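Right, one structure below, let's go through it.
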Amino acid sequence: MEDSKIPGVFLPVKDYIVHLEDFDLIKIIGKGSYGEVYYAIHKTTGTKAALKKLIFEELDDVQLEYFIREVLILAYYNNFFLISFLGFSPTNPYLIITEYVPCGSLFDALHHKKGSPILNGTDKTIIALGIIEGMICLHSNKVIHRDLKSLNILLDEHKLPKICDFGISRAIDEDNQLKMTLRIGTFHWMAPEMLDSDDYSYKVDVFAFAIILWEMLTEKVPY
């Protein structure tokens, strides 16, 4: 793809651009209102990947903003406990490709979904510490996740956590002067101030993390 055809905001990460035909799509591993997630294999390298394919032929302003945010956060912030970024497509079909994490979500494991790993107390402690390390990376770079939840914590083959889904994450300025969106995220993990305030801070992620700790202790769905 010629540089002139790449939206300007993507120029810093143009080396990550890929195409759907670069991958063999093996099976669907997730589905939502945004599109589908496939277990895929890169044809040239054999790399296993999770390929998110959006259903939209064109992105409106809000959809494009969330897409850009997710791509840039994945590309710029490298930490073992943040899911690794492999590539994206800035044109239809819109794609985001990340590493394939084989053992499902923390939510699935806590609720004993068939095929999910069994977690003991040590496993849960290590997972909690890994989430902390990943979130320190985000917060130290002035990024709020805003949808931290057990469904967005994936577990690898060693039962180590990978934080994912940065579509509604938000960078804030030095003095936290940017207005924030109300009622964004998932209510079960949402801090109270997100319901009625537009100037919340990193603390909303801390609240969500506390709910995850409660989940790991009780193995129940919040609220």
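This structure is a prediction, so every number in the text was calculated from the model and none was measured. Residue indices begin at 1 and follow the sequence shown.
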Discussion item. So that I can tick it off, tell me whether Lys53 and Glu36 are bridged by a salt bridge, with the cut-off set at under 4.0 angstrom between side-chain N and carboxylate O.
Written reply: no
Worksheet item: Hey, mind stepping through Lys48 and Glu99 against side-chain contact (heavy atoms from CB on, under 4.5 Å) and telling me if it holds?
Response: CA-CA 7 Å; Lys48 298 177 180 179; Glu99 66 175 308; over 6 Å; no
Worksheet item: Heavy-atom distance under 4.5 Å between the side chains of Ile168 and Arg170, does that happen here?
Response: no
Worksheet item: Taking Asn141 for the side chain and Leu138 for the main chain, is one N or O donor matched with an acceptor at less than 3.5 Å?
Response: no
Response to the item:
In this structure, OG of Ser116 is separated from CG of Asp108 (nearest 0.5 Å) by 4.5 Å
Worksheet entry | Shortest non-hydrogen contact between Pro161 and Gly130, atoms and distance | CG-CA, 3.8 Å
Item to complete: Evaluate the side-chain proximity of Cys164 to Thr98: yes if any heavy-atom separation is below 4.5 Å, no if none is.
Response: no
Worksheet entry | SB check Glu215 Lys124 (cutoff 4.0 Å) | no
Discussion item. Quick check: closest heavy atoms across Ile211 and Pro222, and the distance to 0.1 Å?
Written reply: CG2-CG, 3.5 Å
Worksheet, complete the sentence: Separation between NE2 (His111) and NZ (Lys220), nearest 0.5 Å, reads 11.0 Å
Worksheet item: Is there side-chain contact between Ile127 and Leu160, with at least one heavy-atom pair below 4.5 Å?
Response: no
Worksheet entry | Over all atoms of both residues, closest heavy-atom pair of Ile163 and Ile131 | CD1-O, 3.7 Å
Worksheet item: So does Asn78 have more than 12 non-hydrogen atoms from other groups sitting under 6.0 Å from CG?
Response: no
Fill in: Same cluster (ILVMFWY, side-chain, under 4.5 Å), Leu110 and Val101
yes
Discussion item. Name the residue from Ile26, Leu51, Leu20 that meets the side-chain contact (heavy atoms from CB on, under 4.5 Å) definition with Tyr38.
Written reply: Leu51
Worksheet item: Are Val71 and Tyr34 in one and the same hydrophobic cluster, where Ile, Leu, Val, Met, Phe, Trp and Tyr link if side-chain heavy atoms are under 4.5 Å apart?
Response: yes
Worksheet item: Which residue, Tyr16, Tyr76, Tyr77, forms the ring-ring contact (aromatic ring centres under 6.0 Å, His included) with Phe85?
Response: Tyr16
Worksheet entry | Carboxylate-amine/guanidinium proximity below 4.0 Å for Lys203 and Asp205 | no
Item to complete: Give a yes or no on whether the ring-centroid distance for His188 and Tyr223 is below 6.0 angstrom.
Response: no
Worksheet item: Taking the side chain from Asn152 and the backbone from Asp147, do they hold a donor-acceptor pair closer than 3.5 Å?
Response: yes
Worksheet entry | Heavy-atom pair with the smallest gap, counting every atom of Ser105 and Ser150 | CB-O, 3.8 Å
Worksheet item: Side-chain contact, heavy-atom cut-off 4.5 Å: Phe80 with Asp156?
Response: yes
Fill in: Aromatic ring proximity Phe56/Tyr94, centre distance under 6.0 Å
no
Item to complete: Decide whether Leu217 and Val221 are clustered together by the hydrophobic rule: side chain heavy atoms of Ile, Leu, Val, Met, Phe, Trp, Tyr closer than 4.5 Å, transitively.
Response: no
Practice prompt. Flag the pair Leu151 / Leu106 as yes when at least one side-chain heavy-atom distance between them is below 4.5 Å, and no otherwise.
Written response: no
Discussion item. Is the shortest side-chain heavy-atom distance between Ile212 and Met216 below 4.5 Å?
Written reply: yes
Discussion item. Evaluate Ser169 against His145 for side-chain contact (heavy atoms from CB on, under 4.5 Å), listing each step before the verdict.
Written reply: CA-CA 4 Å; Ser169 297; His145 190 289; 4.0 Å; yes
Item to complete: Could you state whether Phe107 and Phe166 fall into the same hydrophobic cluster, counting links through intermediate Ile, Leu, Val, Met, Phe, Trp or Tyr residues with side-chain heavy atoms under 4.5 angstrom apart?
Response: yes
Fill in: Evaluation steps, salt bridge (Lys or Arg N to Asp or Glu O under 4.0 Å), between Glu70 and Lys52
CA-CA 12 Å; Glu70 184 161 17; Lys52 180 162 69 174; 3.1 Å; yes
Worksheet item: What's the shortest heavy-atom distance between Trp189 and Leu148, and which atoms?
Response: CB-O, 3.6 Å
Worksheet item: So which heavy atom on Ala75 is nearest to which on Val13, and how close?
Response: CB-CG1, 3.5 Å
Worksheet item: Salt bridge or not for Lys43 and Glu21, using N-O below 4.0 Å?
Response: no
Worksheet entry | Rounded distance [0.5 Å steps], NZ in Lys27 versus CG in Leu25 | 13.0 Å
Item to complete: Assign the ring pair Phe23 / His42 to parallel, tilted or perpendicular, where the plane angle (0 to 90°) is split at 30° and 60°.
Response: perpendicular
Worksheet entry | Spacing of NZ belonging to Lys149 relative to CG belonging to Asp165, to within rounding of 0.5 Å | 7.0 Å
Worksheet entry | Euclidean distance, Ile136 CD1 relative to Phe81 CZ, rounded to 0.5 Å | 10.5 Å
Worksheet item: Distance-only, no hydrogens or angles: does the His139 side chain make a donor-acceptor pair with backbone N or O of Gly134 under 3.5 Å?
Response: no
Item to complete: Kindly compute the distance separating CD (Glu65) from CG (Leu59), expressed to the nearest 0.5 Å.
Response: 12.0 Å
Worksheet item: Could you walk me through whether Ile73 and Leu82 pass the side-chain contact (heavy atoms from CB on, under 4.5 Å) check?
Response: CA-CA 10 Å; Ile73 288 170; Leu82 304 179; over 6 Å; no
Item to complete: Determine, using the 4.5 Å side-chain heavy-atom cutoff (strictly less than), whether Leu95 and Leu74 are members of one ILVMFWY cluster.
Response: no
Fill in: Sidechain-backbone polar pair: Thr218 side chain, Trp214 backbone, donor-acceptor under 3.5 Å
yes
Fill in: Exam field: side chain His19 to backbone Asp22, donor-acceptor pair closer than 3.5 Å
no
Worksheet entry | Atom CG of Asn120 with >12 non-hydrogen neighbours under 6.0 angstrom | yes
Practice prompt. Could you tell me whether Lys159 and Asp123 have a side-chain N and a carboxylate O separated by less than 4.0 Å?
Written response: yes
